[in-house]
Every structure is written in C-alpha cells, then in structure tokens.
Amino acid sequence: MDERLERYSRQMLFAPIGESGQQKLSESAVCIIGMGALGTVLANHMVRAGVGMVRIVDRDYVEKSNLQRQMLYDEDDVREGYPKAIAAERKLRRINSDVKIEAVVADVTVHNIDDLLGGMDLVLDGTDNFQTRFLLNDACFRRGIPFTYGGAVSSRGMSAILVPGKTPCLRCFLPSADSGGQTCDTIGVIAPVVDIVASYQAVEALKYLVEADKARRNSLVTFDLWSNYYYEMKLGEAAKECPCCQLKEYPALQVTETDQTVSLCGRSTVQISGHGPLNLEQWHKRLEPAAVKVELNAYLLKAELPEGERLVLFPDGRVLVQGTEDIVRAKTLYARYIGY
C-alpha cells in the first residue's frame with residue numbers, strides 16, 4: 001500500500017469507500033463556516049478522513065466557555081487569545097499534514113460569501129444563527145453547491161444534507177430566520193449533542209464526496225438525547241413559492257446595504273463592522289493610554305475599558321464591544337475610542 005494512504009487503511013477497508021473513494025476524497029474541497037462546537041467536530045472528521053482541501057471560516061476567538069464542547073481548543077488557546085480559525089488550523093495541521101488547510105478569520109457576509117465558496121465541492125454548516133444559515137443556503141443553491149445543515153442547542157439536534165436540484169433548500173421547511181431565540185448562550189448545550197449532529201453531517205458529506213448517491217439520507221433528522229426522542233422527516237418536494245430554490249430570488253443575497261452593527265445573542269457583545277482595515281500595532285499605541293489593559297497578538301487586540309466593557313479589534317475592521325447588549329451603548333463606546 002502507498003505509504004501516504006496507510007493512515008486511511010481502515011477507512012478504505014469500508015467497502016462503500018474503498019481506494020477509489022479515498023482518491024475522490026483527496027481530490028475534494030470543502031468549506032466549513034463556523035469553527036465553534038459543530039465546526040470543530042466537522043473539521044476534525046474531514047481532515048482525518050483525508051479530504052484534500054479544507055477551508056475553515058470563523059469571526060470569533062477562543063474563550064474559556066468554549067472548551068466544554070469545542071474539541072480542537074485548549075487552555076493555551078484561551079491564554080493566547082487566538083482566533084478560532086487560527087487555533088483550529090494549528091491543531092489540524094498536526095493531525096494531517098497531507099491536507100491543505102486554509103484558515104480565514106472573517107465575518108461571513110453577502111459581500112464575501114462568493115469568494116469563500118469559490119472552488120468548493122461542499123459546504124458544511126457550523127454556524128450558530130439562522131441569518132448566516134440562510135445566507136449559506138441562498139449562496140449554495142445559487143452556485144449549485146450542496147451543504148450539510150446542522151443545529152445543536154440544549155439536548156436537541158437536527159441535521160440534513162441539502163443538494164441543489166435533488167432536494168428542497170433550507171427555506172422550504174424553515175421559511176423564517178427566527179429560531180425562537182434559543183441559542184447555546186441562552187439555554188446551554190451538552191457536548192454529546194454536538195458530536196452526534198456533526199457526525200450526521202460528516203457522514204452525509206463523505207457519502208456525497210465519494211458519490212454514494214443512493215446511500216444519501218433524504219430527510220431531516222431531529223432528536224433530543226435527554227428525552228430519548230428521535231424523529232425523521234422526509235424532505236419531500238420543494239415549496240412551490242420558495243424564493244430560493246424555485247423562484248431563484250435568493251433573498252439573503254439581494255441585500256444592498258447590510259446592518260453593520262449587530263448584537264450577538266446571549267453573548268453580551270455587539271459587533272460593529274464597516275471600518276476599513278485596522279493596523280493593530282497602531283491601535284495598541286492609541287488605546288494603551290486610555291485603556292485599563294491592552295493585549296495584542298498577531299490576530300487581534302483586546303482593550304479593557306475604564307467603563308467596564310472591552311473592545312476586541314480585528315485586522316479586517318471588525319470591532320466587538322463586549323459587556324453590553326445595548327447597541328446604543330456599544331456605538332457610544334465605539335465612537336469614543338475608535339472615533340469613526
């Protein structure tokens with residue numbers, strides 16, 4: 001056996017994959033949007049399975065509360081203040097050096113989604129909000145790229161693979177972006193749910209990439225581990241008036257001006273974007289005299305403010321105002337310290 005393939009020997013012994021399937025995996029490219037709980041499990045599976053190119057995208061950085069369920073991170077990442085995409089990339093490269101791993105520290109928006117999906121065979125949903133999921137849904141269906149949907153909160157999970165031209169899109173069975181206000185940050189989540197949801201997503205991804213079309217699951221799985229509940233709903237036909245997969249309107253991609261200030265649900269954080277690129281070293285010098293404490297690494301700058309809140313600056317121009325969910329308060333602090 002080729003020495004390069006030795007690590008996949010048990011996977012290739014699985015007849016539906018075999019050596020030909022392994023070759024297909026090595027020639028595939030996937031994009032994982034969100035490197036939180038779901039994303040870290042998904043990336044681990046894709047890299048260990050030998051997918052040739054894995055692009056990972058996330059806007060956030062590692063915090064201690066992530067460690068309970070976000071499997072690629074450790075306490076060193078928290079102390080260093082690494083962005084999740086960078087911390088994950090460092091771990092993944094040590095797992096499989098044959099896989100090309102591309103880390104992108106960015107907020108996924110209508111303005112960069114096309115670039116992020118360029119050259120991808122499949123997209124895996126590791127997000128934690130429906131606004132971004134609908135953006136992924138519309139972008140993937142416009143491009144004809146399948147994506148695996150997954151969600152986990154509390155002890156509940158759900159998953160489906162959505163294939164343009166073969167299945168309905170996400171809007172067909174979840175027409176509203178209102179998830180009911182329940183997130184991991186408001187009602188919690190147990191880690192086993194995350195692992196199961198991501199594993200459902202990962203196995204459907206493998207089926208698609210090795211072209212095992214007959215084995216693909218044509219249903220939305222929902223379950224509650226704590227209450228021992230499991231339900232499988234057939235995807236069925238697309239909704240006749242679906243603005244995405246039927247009318248080809250792609251609502252999430254039609255936004256001409258995006259709201260550049262958003263409160264991150266349950267996080268006591270407001271994200272403000274729209275600023276041009278930020279030179280972190282220059283901002284370190286500017287903020288140090290006014291801030292209680294300033295910490296800088298190659299990826300972000302944290303500034304503890306006298307008012308009690310914290311600013312987190314990213315090179316792409318995004319600023320997180322942590323310690324408040326009040327957008328007016330956040331904008332006031334932003335104007336006071338960033339100035340424009």
Side-chain angles (χ1 to χ4, degrees), residues 1-35 38-57 72 88-89 91-104 113-126 136-137 139-150 159-170 195-221 235:
M1 178 184 295
D2 185 332
E3 184 177 340
R4 186 180 61 83
L5 296 177
E6 184 177 353
R7 71 166 68 219
Y8 311 117
S9 60
R10 302 303 186 272
Q11 184 164 277
M12 290 190 297
L13 283 173
F14 179 62
I17 293 181
E19 190 167 347
S20 63
Q22 192 63 51
Q23 182 64 33
K24 291 173 183 176
L25 291 177
S26 71
E27 296 169 352
S28 298
V30 303
C31 181
I32 303 172
I33 303 292
M35 285 304 297
L38 290 174
T40 52
V41 180
L42 289 167
N44 184 60
H45 281 308
M46 294 298 102
V47 168
R48 290 184 186 274
V51 173
M53 195 275 194
V54 179
R55 178 177 293 155
I56 56 178
V57 186
L72 290 179
E89 179 189 32
K91 299 292 194 315
L92 295 168
R93 289 190 187 280
R94 295 200 293 269
I95 290 170
N96 192 343
S97 59
D98 290 335
V99 172
K100 180 181 179 182
I101 301 165
E102 179 183 324
V104 181
I113 187 66
D114 275 340
D115 289 338
L116 293 173
L117 301 191
M120 297 295 107
D121 298 303
L122 179 72
V123 174
L124 295 103
D125 169 22
L136 286 182
N137 178 79
C140 284
F141 270 75
R142 185 173 71 174
R143 277 180 165 265
I145 304 173
F147 86 106
T148 63
Y149 160 62
S159 173
I161 183 168
L162 306 172
V163 184
K166 301 286 183 63
T167 74
C169 75
L170 185 64
D195 294 340
I196 292 174
V197 170
S199 294
Y200 271 124
Q201 291 178 269
V203 75
E204 294 305 317
L206 294 178
K207 292 177 189 177
Y208 178 80
L209 295 174
V210 303
E211 300 177 8
D213 295 345
K214 292 182 179 179
R216 248 189 2 252
R217 178 169 45 81
N218 188 36
S219 62
L220 171 70
V221 165
L235 294 179

A.B. asks: Say you draw a straight line from NZ of Lys166 to CG of Leu235; how long is it, rounded to the nearest 0.5 Å?
C.D. replies: 13.5 Å
A.B. asks: Looking at every heavy atom in both Pro164 and Cys140, which two are closest together, and how far apart are they?
C.D. replies: CG-O, 4.0 Å
A.B. asks: Considering all heavy atoms of both residues, which atom of Gln201 and which atom of Gly150 are nearest to each other, and what is their separation?
C.D. replies: NE2-N, 3.5 Å
A.B. asks: First locate atom CG of Leu92, then atom OG of Ser97, and finally report the distance between them rounded to the nearest 0.5 Å.
C.D. replies: 12.0 Å
A.B. asks: Can you name the closest pair of heavy atoms from Tyr149 and Leu162 and give their distance?
C.D. replies: CB-CD1, 4.3 Å
A.B. asks: Could you measure the distance from the CZ atom of Arg142 to the CD1 atom of Ile113? Nearest 0.5 Å is fine.
C.D. replies: 9.5 Å
A.B. asks: Check whether any side-chain heavy atom of Met53 sits under 4.5 Å from a side-chain heavy atom of Val30, and report yes or no.
C.D. replies: no
A.B. asks: Can you tell if the side chain of Phe147 reaches within under 4.5 Å of the side chain of Leu122, non-hydrogen atoms only?
C.D. replies: no
A.B. asks: Kindly say whether Val47 contributes a backbone atom to a donor-acceptor pair with the side chain of Asn96 at under 3.5 angstrom?
C.D. replies: yes
A.B. asks: Quick one, Val210 and Leu25 - any side-chain contact, counting heavy atoms below 4.5 Å?
C.D. replies: yes
A.B. asks: Could you work out, with side chain to side chain contact (heavy atoms under 4.5 Å, CB included) as the rule, every residue matching Glu211, not counting sequence neighbours?
C.D. replies: Lys24
A.B. asks: With sequence neighbours excluded, tell me which residues meet side chain to side chain contact (heavy atoms under 4.5 Å, CB included) with Arg217.
C.D. replies: Ser159, Tyr200, Glu204, Ser219, Val221, Glu232
A.B. asks: Locate the shortest heavy-atom distance separating Leu117 from Ala139; write the atom from each residue and the value.
C.D. replies: CD1-CB, 3.8 Å
A.B. asks: Set out, in order, the CA-CA distance, both residues' side-chain angles and the distance that settles side-chain contact (heavy atoms from CB on, under 4.5 Å) for His45 and Val51, then state yes or no.
C.D. replies: CA-CA 9 Å; His45 281 308; Val51 173; over 6 Å; no
A.B. asks: Under the salt bridge (charged side-chain N to carboxylate O under 4.0 Å, His left out) definition, can you give me all pairs with a residue in residues 44-55, not counting sequence neighbours?
C.D. replies: Arg55-Glu102
A.B. asks: Can I get a per-line list of side-chain donor-acceptor pairs under 3.5 Å for residues 15-22, giving both atom names and the distance, sequence neighbours left out?
C.D. replies:
{"unit_1": "Gln22", "atom_1": "OE1", "unit_2": "Gln11", "atom_2": "NE2", "d": "2.7"}
{"unit_1": "Gln22", "atom_1": "NE2", "unit_2": "Ala49", "atom_2": "O", "d": "2.9"}

A.B. asks: For Leu206 versus Met46, what's the shortest heavy-atom pair and its separation?
C.D. replies: CD2-CE, 4.3 Å
A.B. asks: For the pair Ile32 and Val54, evaluate side-chain contact (heavy atoms from CB on, under 4.5 Å) and give the outcome as yes or no after the intermediate values.
C.D. replies: CA-CA 7 Å; Ile32 303 172; Val54 179; 3.9 Å; yes
A.B. asks: Just grab all the side chain to side chain donor-acceptor pair (under 3.5 Å) pairs involving residues 25-34, residues at least two apart or on different chains.
C.D. replies: Gln23-Glu27
A.B. asks: How many angstroms lie between CG in Leu116 and CG in Leu136, if you round to the nearest 0.5 Å?
C.D. replies: 9.5 Å
A.B. asks: Quick one: list whatever passes side chain to side chain contact (heavy atoms under 4.5 Å, CB included) with Arg10, sequence neighbours left out.
C.D. replies: Leu13
A.B. asks: Between Lys207 and Asp213, is there a side-chain N and carboxylate O pair less than 4.0 Å apart?
C.D. replies: no
A.B. asks: Leu5 and Met12: side-chain contact (heavy atoms from CB on, under 4.5 Å), yes or no, with the steps?
C.D. replies: CA-CA 9 Å; Leu5 296 177; Met12 290 190 297; 3.8 Å; yes
A.B. asks: Where the side chain of Asp125 meets the backbone of Thr148, is there a donor-acceptor pair that is under 3.5 Å apart?
C.D. replies: no
A.B. asks: What's the spacing between Leu72 CG and Thr40 OG1 if we round to 0.5 Å?
C.D. replies: 5.0 Å
A.B. asks: Report the residue from Leu124, Val57, Leu42 that forms a side-chain contact (heavy atoms from CB on, under 4.5 Å) with Ile33.
C.D. replies: Val57
A.B. asks: Can you tell me if Arg93 uses its side chain to pair, donor with acceptor, with the backbone of Ala88 under 3.5 Å?
C.D. replies: no
A.B. asks: Taking all atoms of both residues into account, what is the closest heavy-atom pair of Ala160 and Leu220, and its distance?
C.D. replies: CB-CD1, 3.9 Å
A.B. asks: Could you check Glu89 against Ile56 for side-chain contact (heavy atoms from CB on, under 4.5 Å), going step by step and ending with a plain yes or no?
C.D. replies: CA-CA 8 Å; Glu89 179 189 32; Ile56 56 178; 4.3 Å; yes
A.B. asks: If you define the side chain from C-beta out and look only at heavy atoms, does anything of Lys91 sit under 4.5 Å from Asn44?
C.D. replies: no
